[in-house]
Amino acid sequence: MDPDWQAVTLTVKLATLTTLILLVVGTPIAWWLARSRHWIKRPIASVVALPLVLPPTVLGFYLLVLMGPNGPLGHATTALGLGTLPFTFAGLVAASVCYSLPFVVQPLQNAFESIGERPLEVAATLRASPLDCFLTVAAPLARPGFLTAAVLAFAHTVGEFGVVLMIGGSIPGETKVLSIAIYDHVETLEYGHAHWLAGGMLLFSFLVLLILHQANGRLDKWGRS
Amino acid sequence: MKKLAFLIVTFVFCGPAQAETATIAVAANFTDATRDIVPLFEKATGHTVKVSYGSTGKLYAQIENGAPFDAFLAADINRPSKAERDGLAVNGTRFTYAKGKLALWSAKPGRFEDGGAYLKTGDFERVAIANPKTAPYGLAALQVLEHLALDHELQGKLVQGDSIAQTFQFVVSGNAEIGFVALSQVRAWKGDKGSAWEIPEPYYAPIEQQAILLTRGADNPAAWAFLAFLKGAEARTVITRYGYGVE
């Protein structure tokens with residue numbers, strides 16, 4: 001396969017998998033953050049938001065140390081027979097899940113909070129179980145939040161660079177994602193290739209945001225009517 | 001008042017005539033040697049040097065895009081001669097300052113005596129090399145693998161560092177069991193000595209590391225002085241101490 005195309009498909013695969021995992025992991029966290037009044041809520045919310053403010057190199061450094069053969073995570077994965085995670089696709093997925101977590105949790109948390117107590121109380125008085133409340137009341141009302149979360153997680157993972165540079169090892173078809181391929185092309189002065197990939201990324205990012213704005217506008221109207 | 005203005009002008013424009021600052025781009029393998037040489041140079045001449053480290057290819061790309069470097073210490077002949085041809089450097093200032101040596105290295109002591117034989121066992125998960133497109137030491141590593149006829153077999157085990165510095169870091173952290181690094185890095189490493197195999201010279205094309213004065217540094221006495229200092233006895237002592245060959 002053409003190496004550039006390979007980088008594109010690898011990136012799509014990584015972003016899709018990361019988004020799916022994040023929706024599963026992020027939804028309960030966001031739900032809890034939206035509903036809880038416990039004092040620990042604020043520290044947890046801060047931890048979740050850390051990747052927003054931390055330089056990717058900090059995250060990359062810690063992941064390299066933790067997931068490496070001498071780190072606790074590395075010991076655990078080796079004991080499970082998985083080997084160590086740096087320089088593997090699985091390692092990139094793990095890193096991306098950490099890196100993009102706030103992009104899923106925050107929109108979902110906002111969406112859940114904006115529903116308010118009332119609809120859920122009504123559902124509860126109609127004897128809906130908490131899970132039922134969530135699935136039939138909260139989740140449909142939070143639909144714009146889910147869309148935003150999924151799109152942002154996907155786009156943010158596609159745009160990941162610093163972390164991958166530190167723990168990826170640039171292996172074609174395994175860890176050489178789009179952003180690294182562009183970086184390599186620029187470093188080796190292959191501007192033609194760099195232009196194709198970078199231009200494609202620019203178009204992709206624009207379309208993502210456009211779709212997001214369009215869809216949210218429509219969903220808002222749908223929610224209000 | 002006029003006198004004062006004259007004094008200020010004198011200080012600003014003529015004052016630093018003796019002590020200038022040069023900004024130099026240095027290939028990552030030469031990091032440790034440069035850190036030793038710069039203080040010697042500054043003490044000897046009074047000039048100041050600012051250094052940027054990176055892979056030779058990356059630095060070259062930066063120079064081509066107008067990076068403010070006065071001199072370039074590469075890890076090959078190609079980039080400096082290309083800079084000379086493309087008018088990015090001053091003609092006739094190119095020279096070999098060091099001959100690089102490649103080593104196979106592991107952070108674990110006793111992993112191998114003969115690295116060539118060890119490579120053939122295939123008893124490892126990952127081999128770190130520097131990106132062959134941008135780092136001359138990475139290119140040399142590929143030549144070694146070709147020489148041993150292992151290039152296809154080990155393809156799936158190669159992980160690439162952005163420069164020889166990151167490659168070394170991959171091996172130090174144990175994330176790659178072994179890696180092709182610069183002998184100078186092994187010499188400079190203060191931690192556990194690990195296992196090192198100095199690769200026989202016929203296995204790869206000689207790594208002739210050349211320096212050149214860039215166009216931007218043509219009028220910078222500090223840049224000229226630094227390149228001259230690099231040829232001198234004091235610098236050569238440091239260079240050989242790190243395992244490089246000198247002419």
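Hydrogens, waters and symmetry mates are skipped; everything else that's a heavy atom, side chains included, is used. By convention in this document, chain letters (A, B, ...) are assigned in the order of the sequence lines, proteins followed by strands, and residues within each chain are numbered from 1.
- Taking each heavy atom of A:Pro69 and B:Gly174 in turn, the nearest pair found is CG-O, 3.0 Å.
- Across A:Met166 and B:Phe170, no two heavy atoms sit closer than the pair O-CE2, 3.7 Å.
- At least one side-chain heavy atom of A:Glu190 sits under 4.5 Å from a side-chain heavy atom of B:Lys133.
- The environment of CZ in B:Phe95 is crowded: more than 12 heavy-atom neighbours from other residues, nucleotides or ligands sit within 6.0 Å.
- Comparing B:Gln62, B:Gln166, B:Arg126 by how many heavy-atom pairs each has under 4.5 Å with chain A, the most go to B:Arg126.
- To the nearest 0.5 angstrom, B:Asn131 atom CG is 9.0 Å from A:Tyr183 atom OH.
- Contact of A:Leu64 with chain B is made through backbone and side chain together, with heavy-atom distances under 4.5 Å.
- The shortest side-chain heavy-atom distance between A:Glu174 and B:Val159 does not fall under the 4.5 Å cut-off.
- Only the side chain of B:Glu64 comes within less than 4.5 Å of a heavy atom in chain A; its backbone stays farther off.
- Contacts between A:Val186 and chain B at a heavy-atom distance below 4.5 Å involve the backbone alone (N, CA, C, O).
- With values rounded to the nearest 0.5 angstrom, A:Asp184 atom CG is found 8.0 Å from B:Asp162 atom CG.
- Heavy-atom neighbours of B:Lys50 NZ from other residues, nucleotides or ligands within 6.0 Å: at or below the threshold of 12.
- Considering all non-hydrogen atoms of both residues, B:Asn175 and A:Gly68 come closest at OD1-CA, 3.1 Å.
- Atom CG of B:Asp151 has more than 12 heavy atoms from other residues, nucleotides or ligands within 6.0 Å.
- Options A:Ile167, A:Asn70, A:Thr84 differ in how many heavy-atom pairs under 4.5 Å they form with chain B, and the most are formed by A:Thr84.
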Exercise. Take B:Lys157 and A:Phe87 through the side chain to side chain contact (heavy atoms under 4.5 Å, CB included) test and state the conclusion after the steps.
Key: CA-CA 10 Å; B:Lys157 294 187 174 180; A:Phe87 313 130; over 6 Å; no
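- Around atom OH of A:Tyr191, more than 12 heavy atoms belonging to other residues, nucleotides or ligands sit under 6.0 Å away.
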